Amino acid sequence: MSLRIYNTMSRSKEDFIPLNPPKARLYCCGPTVYNYAHIGNLRTYVFEDILRRTLLFNGFEVEHVMNVTDVGHMTTDADEGDDKMQVAAQREGKSPWDIARFYEEAFFHDTARLNIQRPEITPRATEHISEMIETVQKLEENGYTYLTPEAIYFDTSKSEDYGKLARLNLNEQKQGARAEVIMDETKRNPSDFVLWFRNKPTHIMKWESPWGVGYPGWHIECSAMSMKYLGETFDIHCGGVDHIPVHHTNEIVQSECATGHTFVKYWMHGEFLLTNNAKLSKSTGGSINRLQALIDAGYDPLGYRYLCLQAHYRSELNFSVEALEGATAGLRKIYAARPENDPFANNETGYQEARKRVLDVINDDLGTPQAIGILHAYGSHRLWVEFDAILGLDIAKRSQPVEEALSEEVVALIEQRNAARKAKNWAESDALRNQLIALGFEVGDGPQGTTVKRKAL
RNA sequence: GGAGCCGUACCCAAGUGGCUAAGGGAGCGGUCUGCAAAACCGCGAUUCACCAGUUCGAUUCUGGUCGGCUCCUCCA
């Protein structure tokens with residue numbers, strides 16, 4: 001079966017047919033780097049990594065771009081808040097650029113620990129200001145903009161199909177559904193959005209533009225950078241579901257009005273991670289929702305990755321420590337599948353049939369939960385390892401007993417324990433075992449005496 | 001107010017108009033063990049929030065009720 005993916009634009013699964021096979025051009029909305037990513041953010045990047053790896057597995061040449069949003073919301077008084085790191089950085093007189101670089105590094109550190117492959121290109125918004133200005137100029141030439149003292153706006157009333165992705169019914173939208181949203185009185189339509197903020201000389205991050213000193217609007221960077229690296233029409237654009245009504249809607253209209261043709265062929269969106277049945281946010285979650293916090297608490301980051309893979313990317317996932325521990329234990333079972341017990345050891349036909357079953361469910365809109373169910377049922381180490389190219393769980397590496405030279409201390413403890421057991425001195429024997437466990441080993445007693453294995457998780 | 005999603009065993013979570021409603025974890029029983037750990041074997045929803053309807057037949061379709069969530073606002 002060929003690859004099928006769910007396209008938000010059509011609200012249905014479609015065969016994936018790239019514009020220029022074997023190339024598959026993919027753009028993913030990346031992190032805003034003025035704060036740490038939380039595990040909910042990271043879930044979306046896991047989903048996109050599965051997509052990327054599935055494309056590669058199917059033989060496509062992937063060109064994957066993910067932006068780094070290092071501009072916006074970075075005034076001195078913006079984001080007044082509870083993030084200690086940012087507060088500290090500002091108190092120490094660090095620049096927004098320093099802050100952005102710091103969190104960008106933290107982000108890629110987290111994704112690396114989740115075995116998320118780094119996209120081929122990860123452009124920074126601040127390094128593409130001229131491309132953004134050019135895109136806005138095209139829109140201006142094409143007559144889709146208007147100028148106010150505050151900004152140059154995109155006039156959504158000039159586009160007949162504005163909101164087609166989200167199927168917005170603009171007449172039914174309530175303006176400022178929340179009280180704290182400040183309406184700009186100079187806007188002509190509620191759905192109009194800023195392309196470039198002008199006359200902002202006090203803003204820290206600011207650039208010259210044809211409309212005055214200021215900074216770009218929140219959507220233009222993705223249009224400018226995706227089209228620069230992938231062309232004016234490309235295959236797949238990804239992001240979180242929250243991007244459908246505003247960010248991607250605006251990206252589409254500004255891109256298509258700038259170029260005059262289709263922006264993206266397939267739109268894919270990852271659902272939210274919930275805790276206590278509510279979405280994560282900076283204000284309610286705090287630092288406990290960072291990947292580092294899980295690692296500090298002794299959890300393996302790949303246990304979290306595996307938890308994500310057990311739920312479909314288009315379904316909400318309820319995160320809890322209990323769920324994470326369950327997933328980690330399940331991952332341990334995968335690592336424990338022994339090559340010598342492989343059910344397909346002398347059955348290549350059976351292996352190929354099983355392989356096809358697994359690939360079919362993955363190729364059906366990334367059915368990793370079903371794939372994992374099937375893989376568990378087979379219990380084939382070889383099959384696990386082959387599909388680890390997609391799952392990214394380090395199965396080959398982690399399921400091998402680590403060939404490490406045991407320290408003299410450990411060797412001595414093992415010898416003492418063997419002696420104690422031979423002498424049926426169970427009290428000492430148990431004490432020695434506890435010492436070995438404390439050193440991070442799994443201890444087993446076989447016919448040849450005590451054996452020791454470094455804990456995989 | 002508008003738009004949309006969800007409700008499957010203790011937890012996470014697949015799935016389908018009709019063969020036994022995946023899989024993992026936890027739990028229980030067993031093999032093994034000095035005892036364990038690990039591993040392996042076995043057991044768990046007569047039932048898919050609730051109520052109607054369509055149907056020969058619904059957990060799966062339709063309507064309603066209850067509960068929860070998301071978006072319309074920077075946000076994965």
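Note that the coordinates shown come from a computational prediction; the quantities given were computed from them, not determined experimentally. Here is how names work: the chains are called A, B, and so on, in the same order as the sequence lines, proteins then strands, and each is numbered from 1.
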Compare the aromatic ring of A:Y45 with the six-membered base ring of B:rA76 and state whether they stack according to the 5.5 Å and 30° rule.
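Stack criterion not met.
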Integer angstrom distance from the [atom1] of [N] to that of [M]:
N	M	atom1	result
B:rA49	B:rG67	C1'	8 Å
B:rG42	B:rG24	P	11 Å
B:rU59	B:rG27	C1'	26 Å

Nearest to the side chain of [X], heavy atoms from C-beta on, is which of [options]?
X	options	result
A:R433	B:rA76, B:rG34, B:rG24	B:rG34
A:L273	B:rA76, B:rC74, B:rC11	B:rA76
A:A329	B:rU70, B:rC12, B:rG25	B:rG25
A:K333	B:rG25, B:rC75, B:rG15	B:rG25
A:N318	B:rC12, B:rA76, B:rG24	B:rC12
A:Y34	B:rA13, B:rC71, B:rC74	B:rC74
A:D445	B:rC69, B:rA14, B:rC35	B:rC35
A:D430	B:rC12, B:rC72, B:rG34	B:rG34

Determine, using ring centers only, whether A:Y36 and A:F107 are less than 6.0 Å apart.
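Aromatic pair excluded; centres sit 6.0 Å or further apart.
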Looking at every strand, decide which applies to [X] at a 4.0 Å heavy-atom threshold: base, sugar-phosphate, or nothing.
X	answer
A:E322	sugar-phosphate
A:P369	base
A:L307	sugar-phosphate
A:H312	sugar-phosphate
A:R417	base

Taking NZ, NE, NH1 and NH2 as the nitrogens, is one of them in A:D98 or A:R101 under 4.0 Å from a carboxylate oxygen of the other?
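A:R101 and A:D98: not salt-bridged.
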Any side-chain heavy-atom pair from A:T126 and A:Y215 closer than 4.5 angstrom?
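Not in contact.
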